[in-house]
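Index from 1, following the sequence.
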Amino acid sequence: MIALQQAWPMPSAPRPIVIIGAGGIVKDAHLPAYRKAGFLVAGLYDRDRARAEALAQEWAIPRVFASLAEAADAGAVFDVAAPPMAHRDILAALPGGATVLLQKPMGLDLAAATEIRDICQARGLTASVNFQLRYSAMMLAIADAVRQGRLGTLTEIEVRINLVTPWDLFPHLKPNPRVEIVSHSIHYLDAIRALAGNPRSVFARSFGHPTSNLADTRTSMILDYGDTLRVLLSINHHHDFGHRFQDAQFRVEGVAGAAIAKLGVLLDYPTGEPDELWLAPRGGEWMPVPLAGAWFPDAFVGPMANLQRFAAGEDPTLLTAVDDAWQTMALVEACYQSNDQPGTPLPSKRTDN
């Protein structure tokens with residue numbers, strides 16, 4: 001049995017949580033994860049009070065707040081699960097020095113991310129962003145395998161997504177000029193940063209699709225980490241030709257070993273399939289690693305646990321603090337800037353003799 005970290009330690013004295021927002025991600029991920037972890041959700045606020053009340057009744061949440069100001073006065077850890085356009089106003093309404101978890105992304109562009117970071121700093125907020133993929137059992141295990149030297153010096157990181165995503169579940173994305181990278185591939189970019197740090201530069205191209213009314217739903221990215229580590233992402237959300245060749249894979253290789261994770265939730269989303277993790281030493285056999293939890297909903301425990309432990313002095317580092325999350329947003333911004341730049345044209349005349 002390979003011993004690898006798969007869960008984040010829990011705070012010794014968990015604090016109650018007030019959730020701001022009552023959308024699908026709260027129902028499908030936040031609340032199931034918090035119940036499983038034993039976190040107390042003390043209250044819920046949403047501008048659509050009827051939606052908040054229905055969700056509170058379903059999950060036995062004791063209080064629905066009548067206003068944001070009332071929710072902000074609750075004296076709890078705040079889980080802001082509202083759309084990114086609302087983050088600045090919500091942060092400004094929270095009490096100074098509050099402990100806050102923000103739903104990703106951190107705004108829709110780097111300018112918004114910078115403003116959010118500056119608000120958090122000016123108001124003394126202990127704030128983190130919910131980049132939960134890096135807290136999933138499979139990604140925590142891969143990171144631990146890297147720390148233990150099981151893979152050796154990294155040479156390859158590849159994310160391959162080739163499946164069909166039901167974008168109709170996310171109608172709020174329709175007016176956005178940026179969709180795929182900032183709303184989906186941002187997870188992979190953050191997880192890659194957690195393993196390898198920031199790249200030197202990027203190449204990226206995003207594409208729409210004739211069957212989609214969204215700005216972009218397919219992306220190719222190459223991240224430059226120098227001459228040894230090759231990092232690439234191939235993302236296609238429109239492989240609607242049956243299940244046989246659909247794929248959701250995160251591959252990490254080094255000179256000593258390799259790891260492949262299957263991101264099961266993306267296959268037949270939101271029902272999904274079980275996540276998988278496989279490890280192989282160089283020259284050895286592939287071995288499955290039993291996983292203690294799935295990306296959805298279990299990974300949503302990690303960001304809240306790390307935030308509460310950091311606020312209590314139990315963790316020395318807040319992994320996805322707004323400063324670190326800003327770095328992920330800077331990588332996203334670089335990808336969009338690359339997308340807007342022309343590529344290298346082919347030579348117009350023969351250059352050989």
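Salt bridge annotation for D324-R193: present, with a cationic side-chain nitrogen under 4.0 angstrom from a carboxylate oxygen.
Of the N and O atoms on the side chains of D144 and Q148, at least one donor lies less than 3.5 Å from an acceptor on the other residue. Side-chain atoms of D79 and H30 include a donor-acceptor pair closer than 3.5 Å. Neither side chain, N162 nor Q246, offers a donor N or O lying under 3.5 Å from an acceptor on the other. For the residue pair D323 / Q121, a side-chain donor-acceptor distance below 3.5 Å is found, with atom types taken as modelled. Donor-acceptor pairing under 3.5 Å is recorded for the side chains of N306 and D315. Inspection of the E314 and S12 side chains reveals an N or O donor paired with an N or O acceptor under 3.5 Å. A donor and an acceptor atom, one from each side chain of S234 and S220, are nowhere located under 3.5 Å apart. Between the side chains of H87 and E115, no donor N or O sits under 3.5 Å from an acceptor N or O.
Cation-pi geometry between R200 and Y225 is not met at under 6.0 angstrom from the ring centre and within 45 degrees of the axis.
Here the options are L91, T126, V322, the test is side-chain contact (heavy atoms from CB on, under 4.5 Å), and the partner is V100; only L91 passes.
The closest side-chain heavy-atom distance from V164 to Y269 is not below 4.5 Å. Residues W167 and V179 form a side-chain contact, since some pair of their non-hydrogen atoms from C-beta on lies under 4.5 Å apart.
Aromatic rings of H209 and H237 (six-membered ring for Trp) have centroids beyond the 6.0 Å cut-off, not under it. Here F65 and Y45 keep their ring centres 6.0 angstrom or further from each other.
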